[in-house]
Number of protein chains: 2
Amino acid sequence: MFLNQTSHYALRAMTGLVRAGNSKPVKSGELAEKTDVPSHYLSKIMRKMVEAGYVRSQKGHGGGFVMNIAPEDLRIIDVLTASGFDIDEQPCVFGWEMCRNEDPCPLHPVWKRLKDSFNEWAYHTTFEDIRRESQDIEDKFKR
Amino acid sequence: MFLNQTSHYALRAMTGLVRAGNSKPVKSGELAEKTDVPSHYLSKIMRKMVEAGYVRSQKGHGGGFVMNIAPEDLRIIDVLTASGFDIDEQPCVFGWEMCRNEDPCPLHPVWKRLKDSFNEWAYHTTFEDIRRESQDIEDKFKR
DNA sequence: TTTTCAATAGACTTGCCTATCTATTGAGAG
DNA sequence: CTCTCAATAGATAGGCAAGTCTATTGAAAA
């Protein structure tokens, strides 16, 4: 798997929230069911999104989660980072701690190409892209 | 992490073996030390490389592991697959089991771009590329 | 004010990937 | 034939991410 389970869940949840629109808050339970993420686990992930400022939460009656940022201003990297993924902690495949471009490990040149592709994707794809490209696709979160 | 620890180890080990040349077998312990992989764990991984036919092993005195395929014929995807990584088991980030191009999940278009980049890298990079691009780099497997 | 709803917090459990340990098998050297 | 070396096999343990459970906090409705 490219990303860990938590990151997957985070991307799903934010996609679900963006697609739900901003008309009214989306309840954790609803979002969990829609995105097929374990509900209590989703709560933990959404908390991180709230802390990062990408989502607002409302307790109590009629409460739930609402987007707090325009989809075009939210990139995939932002959600991944907020969910705990740290691109800089991804070591070179060699596991050599101090591997840098100027002082590389043997697999560095090859590995760097993969990493660059990933970064291109994660830094340049926004949730507006996701929304636009998925607007003709119906929700099919359930397996 | 893009790949799991085992896949990292496999790539390191095979890189180490390719760089060691074919003059004489490389002992498991030596390869383990050179690539900073736990030695007993490396043995298990090398076993898979042997089973896949990429490496020959020799027991006993003077034994060890030798490449059994030309570096230009061994792709990254081959080593990943042999080590247990299954590209087709990598579900769409939505976790929707039946997600295909013709019948996609909401994140499919975006996710596909990442997957395509990865495949381009894994299917088109050979260990000859790795050897060539690393020939001016000294071994620095230890962290 | 009370009731109900829904997020939050944190402790706890589970499960799997890694890693280790202890034999055993097999091959060459002497 | 025996000794040593090194891969192989399988059982066992460790550690961390993932998932669950229970209680608490906070807000709106009645």
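Proteins get letters first, then strands, A, B, ... in listed order; numbering begins at 1 in each. Fair warning: this is a prediction, and the values are worked out from it, not measured in the lab.
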message: Reading DNA chain D from 5' onward, which residue's closest nucleotide shows up sooner: A:G60 or B:S43?
response: B:S43
- line: Between A:H40 and B:V50, the residue closer to the 5' end of DNA chain D by nearest nucleotide is B:V50
Round to the nearest Å and state the distance from [X] atom [atom1] to [N] atom [atom2].
{"X": "B:L42", "N": "D:dA6", "atom1": "CG", "atom2": "P", "result": "15 Å"}
{"X": "A:H61", "N": "D:dT25", "atom1": "NE2", "atom2": "C1'", "result": "17 Å"}
{"X": "B:E51", "N": "D:dT8", "atom1": "CD", "atom2": "C1'", "result": "10 Å"}

field: Name of the residue among A:Q5, A:M46, A:H8, A:R12 meeting side-chain contact (heavy atoms from CB on, under 4.5 Å) with A:V37
entry: A:R12
Phosphate OP1/OP2 of [N] contacted by [X] side-chain N/O (<4.0 Å):
{"X": "A:R47", "N": "C:dA7", "answer": "no"}
{"X": "A:Q58", "N": "C:dA7", "answer": "no"}
{"X": "A:T6", "N": "D:dA18", "answer": "yes"}
{"X": "B:S57", "N": "D:dT8", "answer": "yes"}
{"X": "B:K27", "N": "D:dA6", "answer": "yes"}
{"X": "B:Y41", "N": "C:dC17", "answer": "no"}
{"X": "B:Y9", "N": "C:dA19", "answer": "yes"}

message: Test your reading of the model: is there a side-chain donor-acceptor pair from B:T126 to the backbone of B:D129, 3.5 Å cut-off?
response: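 Yes: the side chain of B:T126 pairs with the backbone of B:D129.
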- prompt: Using 30° and 60° as the class limits, which term best fits the ring planes of B:W111 and A:W121: parallel, tilted or perpendicular?
  reply: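 Perpendicular.
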task: Mind running salt bridge (Lys or Arg N to Asp or Glu O under 4.0 Å) on B:K34 and B:E30 for me, showing each step along the way?
output: CA-CA 6 Å; B:K34 214 178 177 186; B:E30 285 172 13; over 6 Å; no
field: N/O donor-acceptor pair, side chain B:K44 with base C:dT18, under 3.5 angstrom
entry: no
